[in-house]
Amino acid sequence: MSGKLFIVPTPIGNLEDITIRALRVLKECGLIACEDTRQSIKLLNHFEISKPLISFYSYNQQKRVPEIINKILNGSDIALISDAGMPAISDPGYILVKAAIDNGIIIEVLPGASAAITALVGSGLPTDGYIFCGFLKKKSGKMKKELSQAASLDKTIIFYESPHRIIKTVELCLEVFGAQAQMCIAREITKKFEEYIRGNIESVIKQLKSKKEILGEMVVLIYGKIK
Ligand code: SAM
C-alpha cells in the first residue's frame, strides 16, 4: 500500500511556533526530506526527533523527486520540511507535490508558520485581497514591471527581500508607486528583534536609512497605485 506525503511547516524563528500535529507527523513518518540537513537536525534535536533525513533543495530536487515518489509508492510516509516556514512557498516543494498528485499519492499539508501571511496581518495594510510575489526579479527593469503588474490588481503586494538589497528595492518602489503609497517592512518576525516599520514609502525609507545597519530577514508589503 502506498504511503503519504506530508508537507510540514516549521517555525520562522520562534521554536514554539510548531504545531502538536507537526511534531507527531515528524515523529511518525519514515523519512524526512529537508532543504539543509544541518539546519533541520538542530530543529529535530530540539524536539528529540530522530529520523533519517534526505536532502531536498533547489539544485537536487529534480533528481530527488522520483526517488521520493518511489519510496512513498512502496509504502513509506515521507514528510517534507524546509529550513523555515511553509515548504513550497519560495522554498523547494512544488515539483514534489505535483509529482505526488500525478502519481495518485495522498498529500496532507499541515497549516503553520509562513512569513508572508504573518507579515500581512501585522502590517496594518488591507488583508481582504493580496498578491504574494515571492522574491522579485533582481534586475530593476524586470522588478518594476512585476511591481506595476501587481499594483494594477489594487491589492496588498507582498514580497520577500534580503537586507542587503532592501534600500535599493524600496527606492525603486518609490519610483513606481510615489511617496504616498503605504508600505510595511516586517523584519525578524517572531524573533527577539521583531520589528514592523510602517508608513508611506518616503517615511519607511527614512526609518531604514536612520539605522546603522539593516539586518535580518524581511518581508515587504505595499498598498498603493502606480504613479
Ligand atoms: N517558506 C518560507 C515561508 O513560508 O515564509 C519562506 C522561505 S524564503 C527562502 C525566506 C524568506 O522569507 C526570507 O528571505 C525573508 O524574506 C522571509 N522570512 C523568513 N522568515 C522570516 C522572518 N522571521 N521574518 C521576516 N521575514 C522572514
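FYI, the numbering just counts along the sequence from 1. Whatever order the structure lists them in is the order used to number ligands and atoms, beginning at 1. Excluded from the calculations below are hydrogen atoms, water molecules and symmetry mates; all remaining heavy atoms, backbone and side chain alike, are included.
Annotation: atom 15 (C) of ligand 1 to nearest protein heavy atom, M218 O, 3.4 Å. Summary of contacts: the protein heavy atom closest to atom 14 (O) of ligand 1 is F135 CZ, 3.5 Å. Of the protein's heavy atoms, D91 OD2, 3.3 Å lies nearest to atom 7 (C) of ligand 1. Looking only at protein heavy atoms, the nearest one to atom 18 (N) of ligand 1 is A115 CB, 3.5 Å. Protein heavy atom at the shortest distance from atom 13 (C) of ligand 1 is E217 OE2, 3.6 Å.
Below 3.5 Å of separation, one finds no N or O of S90 facing any N or O of ligand 1. Taking only nitrogen or oxygen atoms, main chain and side chain alike, T190 does not reach within less than 3.5 Å of ligand 1. In terms of polar-atom proximity, R187 is not counted as a contact of ligand 1, lacking any N or O under 3.5 Å from an N or O of the ligand. In terms of N/O distances under 3.5 Å, ligand 1 is approached by I12. Here's the thing with S82: none of its N/O atoms is less than 3.5 angstrom from an N/O atom of ligand 1.
Side chain of N103 to backbone of I105: no donor-acceptor contact under 3.5 angstrom is found.
At least one heavy atom of A84 sits closer than 4.0 Å to an atom of ligand 1. Within the 4.0 Å heavy-atom cutoff, I89 counts among the residues contacting ligand 1.
Atom numbering of ligand 1 starts at 1 in the shown order; those under 4.0 Å from a heavy atom of M86 are 1 (N), 3 (C), 4 (O). Per-residue contacts place E161 under 4.0 angstrom from the following atoms of ligand 1 (heavy atoms of the residue considered): 16 (O). Short contacts between ligand 1 and G85, defined as distances under 4.0 Å to a heavy atom of the residue, involve ligand atoms 3 (C), 4 (O). The ligand atoms of ligand 1 that sit less than 4.0 angstrom from a heavy atom of K191 are 23 (N).
Contacts between A186 and ligand 1 below 4.0 angstrom, taking non-hydrogen atoms only, involve the backbone exclusively. Looking at I189 against ligand 1, both its backbone and its side chain come within 4.0 Å, counting heavy atoms. Under 4.0 Å from ligand 1, the heavy atoms of E188 that appear belong solely to its backbone.
Residues I12 and S114 approach most closely at CD1-C, 4.3 Å, considering heavy atoms. Smallest separation of non-hydrogen atoms from A22 and P9: CB-O, 4.3 Å.
The ring pair (Phe, Tyr, Trp, His ring centres under 6.0 Å) test applied to Y57 returns no partner, not counting sequence neighbours.
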query: Do S55 and D36 pass the side-chain hydrogen bond (donor to acceptor under 3.5 Å, both in side chains) test, and can you show the C-alpha distance, the side-chain angles, and the key distance before you say yes or no?
result: CA-CA 6 Å; S55 70; D36 181 348; over 6 Å; no
- prompt: Yes or no on side-chain hydrogen bond (donor to acceptor under 3.5 Å, both in side chains) for S82 and D91, after CA distance, side-chain angles and deciding distance?
  reply: CA-CA 7 Å; S82 63; D91 267 338; 2.9 Å; yes
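Residue K191 is tested with E194, E195, E188 for a salt bridge (charged side-chain N to carboxylate O under 4.0 Å, His left out); the sole match is E188.
For the pair I166/M218, a side-chain contact is recorded, criterion being any heavy-atom separation below 4.5 Å from C-beta on.
Ring-centre distance between Y160 and F132: below the 6.0 Å cut-off.
Here L172 contributes atom CG and M143 contributes atom CE; the two are 6.0 Å apart, rounded to the nearest 0.5 Å.
A salt bridge does not link R165 with E171: none of the charged nitrogens is closer than 4.0 Å to a carboxylate oxygen. Note on K144 versus E175: salt bridge recorded, some NZ/NE/NH1/NH2 to OD/OE distance being below 4.0 Å.
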